[in-house]
Every structure is written in structure tokens, then in C-alpha cells.
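Just below is one structure, and these are the notes that go with it.
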Amino acid sequence: MAPRAYWKGTLKLSLVSCPVVLYPATTAAEKTRFHLINRETGNRLKQQMVDSETGDVVEKDQKGRGYELRKGKYVEIEPEELEAVQIESNHTIDIESFVPSEEIDQRYLNHPYYIAPDGKAAIDAFAVIRDAMKDQDRVALAKIVLTNREHIIAIEPFGKGLLGTTLRFPYELRDEDQFFDDIKSPKITKDMVELAGHILHTKAAHFDPGSFKDEYETALKALVKRKASGKKIELPEPEERPSNVVSLMDALKQSLKGRGGKKTASKSHARRPTARHRSAKKTHRSAARHRKAG
């Protein structure tokens, strides 16, 4: 059964338009979640809003929104006042421009969505817009209103459909200088860089998200299953941290000689990418090309 559409509207390129639907491209449904419960009764707990000064429980009709002007001083904003600044959705994605994909800085990437034609009548126009973008190797930028807020969305071909990724606004990004300014520029010998390059070469591989394993999630599921069956949970012994201190050059040399280096290299180069692999790689590269916008 196909998931429910998150948004329905029209994709427009000048005078060409077609009905489309948006689906979230990600999900957290499979992640293990815990609820707060009463240890004595085993019942689930309900959260209540409490006045930070009086400690009294605040009922639903007493709740409001306030913006903190200064410490402990708020200006209350009424729901109808918020409505005055909310942007009314016209359910249209109107493409405003096309930019080189490599110019979009990946830090701006926010939430990805799959965009598909809505109905058979939309397929022709959808295919024209999608294939024209493939030929030009450009990413479309458009505006879209989601949950009463306007977003910039970057749209690019993705398989038979389109991938739309909402972008962050510049004010949402932190300036990297405040984190990088204090990084010194030490004198590194050419030998060290070459050794590090050899280590990188031994670990060369192709991007394969199927190889990503969420070990914590796996351990959580095993823990819950074991506990539910009445088995005792044994705490693991803390790992001892290595105390030996080696020089950077020694560490590089030992890493190059270390276990698994050559094995990783042979494994990554032995398997040639299949057509499907190449297609997946190309698709990912297209999605990851968002570079250097703003």
C-alpha cells in the first residue's frame, strides 16, 4: 500500500504545469522508542505543563505562545496574530531558476522529499520537466509552503521521479570561522602526508549505504527482546583504553602495516560496480552534488 501523500499541488515550469505529490523520503518508524512509565503500576505516564514559578498544572485553555524579550519577560502572541503573518499556500511549486548542482553547499540541505506525478494525465508534462533537467544537469530552485512556512526547495531528477530537498536559510547556518579560526597550521612533513595517503588508498571503496549498520539500534532490539523474555541483562566489562603513546609518524606506519588494510583494499577493488550499482552511485552523486550555495 502506497504511503499517504504529504503534500499535493502543481509543479510549474513557465507555462508548463502538472499535478504532483510529495512524499517524505525518510522515516523514523523503525527506530526503537521508549515511553515513560510508572515503575510501580507499569502504566504509561502523561506529561503535563507546569507553571515554572507557581508549580501549578496549566490547563489547555490557559496555554499561550510568548516570545522572550529578556530574561523572564515575555510578549504574548495570539493565534490570530500569527495567522496575520502566515503565508497562504497556493499549492504551487513555481520553478524560479536553475543552478549548477555543484554550487549548492551541502550544509543547506534539510529535508528530502520524493516528487511524483499525480495521476496519468500529469505524466507527460512531468517527464518533460524531469528529462529537460537531466539534459541540462541543473537543479531547479522553487518556493513551496509547508506547514504554513515558506521554504526554498531544490529539485532534481531522481530515477523515474524527482527529488525535492528543502533548503535552510542562511540565518540557520553557523559561521565556520568561530570553530576553525583557532585551528593551528603545524608543519607536516611530506612523508606523513604520503603515508596517510597510502592508508586512504587501502580503504578505498564505493559508496554503499547497504553496508551501514546501526549497531546501537540492533543492540536495543536485542536488549528489549531479552528483557521481555525474562532473561537477565549482563553489563559488559568496560574496555581498557590503550595507554601507550606513539609518535604520529609511528602511528601512520603501524596503521599502514596494521591488520585489515590490504584485505579492505582487495575487497573494494575486486567487486566491479554493476549497472544497478552505477545507477545508484550516479543517483546518490546527483543528490549529494548540492554544493556552495549562499
Side-chain angles (χ1 to χ4, degrees), residues 1-11 19-94 107-115 118 141-155 164-176 178-179 214 216-217 219-221 223-225 227-228 233 294:
M1 183 177 178
R4 184 179 177 183
Y6 178 74
W7 184 93
K8 287 189 175 186
T10 303
L11 176 65
V20 295
V21 288
L22 264 68
Y23 302 97
T26 61
T27 178
E30 298 300 317
K31 281 190 175 291
T32 300
R33 282 185 168 80
F34 297 101
H35 298 290
L36 292 175
I37 62 171
N38 184 333
R39 286 179 179 272
E40 293 183 2
T41 65
N43 298 329
R44 186 173 173 181
L45 299 179
K46 288 184 177 180
Q47 291 185 326
Q48 292 180 309
M49 301 296 264
V50 178
D51 190 297
S52 62
E53 295 296 326
T54 67
D56 296 335
V57 174
V58 179
E59 301 300 331
K60 186 176 181 180
D61 60 349
Q62 295 176 297
K63 296 175 186 176
R65 293 173 183 261
Y67 180 84
E68 191 172 26
L69 297 174
R70 57 184 181 275
K71 187 67 175 177
K73 180 65 176 179
Y74 299 87
V75 57
E76 186 175 351
I77 305 297
E78 299 294 339
E80 57 270 21
E81 293 171 330
L82 278 177
E83 291 176 5
V85 297
Q86 285 178 352
I87 299 172
E88 184 177 352
S89 174
N90 57 7
H91 286 273
T92 300
I93 304 175
D94 199 348
R107 293 175 300 170
Y108 284 85
L109 302 181
N110 200 358
H111 296 296
Y113 296 91
Y114 295 134
I115 304 176
D118 188 11
L141 295 182
K143 290 182 179 179
I144 184 173
V145 177
L146 301 171
T147 60
N148 298 320
R149 292 198 71 131
E150 189 173 64
H151 301 267
I152 304 299
I153 188 168
I155 305 170
T165 306
T166 55
L167 303 180
R168 296 181 177 92
F169 289 100
Y171 71 84
E172 295 179 275
L173 291 185
R174 290 176 172 174
D175 185 357
E176 70 273 16
Q178 62 179 310
F179 307 102
D214 189 341
Y216 182 68
E217 180 68 21
L220 276 181
K221 283 183 166 60
L223 170 69
V224 171
K225 186 177 180 180
K227 190 69 183 287
I233 305 301

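Heads up: numbering here begins at 1 and tracks the sequence. All heavy atoms count here, side chains included; hydrogens, waters and symmetry mates do not.
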Residues that Glu30 engages under salt bridge (Lys or Arg N to Asp or Glu O under 4.0 Å), provided they are two or more places apart:
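Residues passing salt bridge (Lys or Arg N to Asp or Glu O under 4.0 Å) with Glu30: none at all.
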Glu150 meets the salt bridge (Lys or Arg N to Asp or Glu O under 4.0 Å) criterion, sequence neighbours left out, with none
Distance, nearest 0.5 Å, that separates OH of Tyr113 from OG1 of Thr166
5.5 Å
To the nearest 0.5 Å, what is the distance between CD1 (Ile144) and CG (Leu11)?
9.5 Å
Which atom names give the shortest non-hydrogen contact between Tyr23 and Arg4, and what distance separates them?
CD2-O, 3.8 Å
For a quick test of reading the model, state the closest non-hydrogen atom pair linking Leu146 to His151 and the distance between them.
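Minimum heavy-atom contact is O-NE2, 3.6 Å.
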Are more than 12 heavy atoms from other residues, nucleotides or ligands located less than 6.0 Å from atom OH of Tyr216?
no
Counting only heavy atoms not in Lys221, do more than 12 sit closer than 6.0 Å to its NZ atom?
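Atom NZ in Lys221 is packed in, count exceeds 12.
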Return the set of residues passing ring-ring contact (aromatic ring centres under 6.0 Å, His included) with His111 (not counting sequence neighbours), or none when no residue passes.
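Result, ring-ring contact (aromatic ring centres under 6.0 Å, His included) vs His111: none returned.
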Sequence neighbours left out, cut at 3.5 Å: what donor-acceptor pairs do the side chains of residues 37-58 make with other protein atoms?
| residue | atom | partner | partner atom | Å |
| --- | --- | --- | --- | --- |
| Asn38 | OD1 | Glu40 | N | 2.8 |
| Thr41 | OG1 | Asn43 | N | 3.1 |
| Thr41 | OG1 | Asn43 | ND2 | 3.2 |
| Arg44 | NE | His35 | ND1 | 3.4 |
| Arg44 | NH2 | His35 | ND1 | 3.1 |
| Asp51 | OD1 | Glu53 | N | 2.8 |
| Asp51 | OD1 | Thr54 | N | 3.1 |
| Thr54 | OG1 | Asp56 | N | 3.2 |
| Thr54 | OG1 | Asp56 | OD2 | 3.3 |

Can you confirm whether [X] sits close enough to [Y] that some side-chain heavy atom of one is under 4.5 Å from a side-chain heavy atom of the other?
{"X": "Lys31", "Y": "Asp214", "value": "yes"}
{"X": "Trp7", "Y": "Ile115", "value": "no"}
{"X": "Ile93", "Y": "Leu22", "value": "yes"}
{"X": "Tyr114", "Y": "Val21", "value": "no"}

Anything under 3.5 Å between a donor and an acceptor, one on a side chain of residues 62-77, the other on a protein residue two or more places apart or in another chain? List them.
| residue | atom | partner | partner atom | Å |
| --- | --- | --- | --- | --- |
| Gln62 | OE1 | Glu59 | N | 3.0 |
| Glu68 | OE2 | Gly72 | N | 3.1 |

Using side chain to side chain contact (heavy atoms under 4.5 Å, CB included), reason through Thr32 and Leu223 one step at a time and then give a plain yes or no.
CA-CA 11 Å; Thr32 300; Leu223 170 69; over 6 Å; no
For a side chain to side chain contact (heavy atoms under 4.5 Å, CB included) check, start with the C-alpha distance between Ile152 and Lys143, then their side-chain angles and the critical distance, and finish with the verdict.
CA-CA 5 Å; Ile152 304 299; Lys143 290 182 179 179; 3.7 Å; yes
Please determine whether side chain to side chain contact (heavy atoms under 4.5 Å, CB included) holds for the pair Phe169 and Asn110, giving the CA-CA distance in whole Å, both sets of side-chain angles, and the decisive distance to 0.1 Å.
CA-CA 10 Å; Phe169 289 100; Asn110 200 358; over 6 Å; no
Check step by step if side chain to side chain contact (heavy atoms under 4.5 Å, CB included) holds for Leu141 and Leu167.
CA-CA 10 Å; Leu141 295 182; Leu167 303 180; 4.1 Å; yes
Taking only residues two or more places apart in sequence or in another chain, which ones pass side chain to side chain contact (heavy atoms under 4.5 Å, CB included) with Ala219?
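For Ala219 there are no side chain to side chain contact (heavy atoms under 4.5 Å, CB included) partners, ignoring immediate neighbours.
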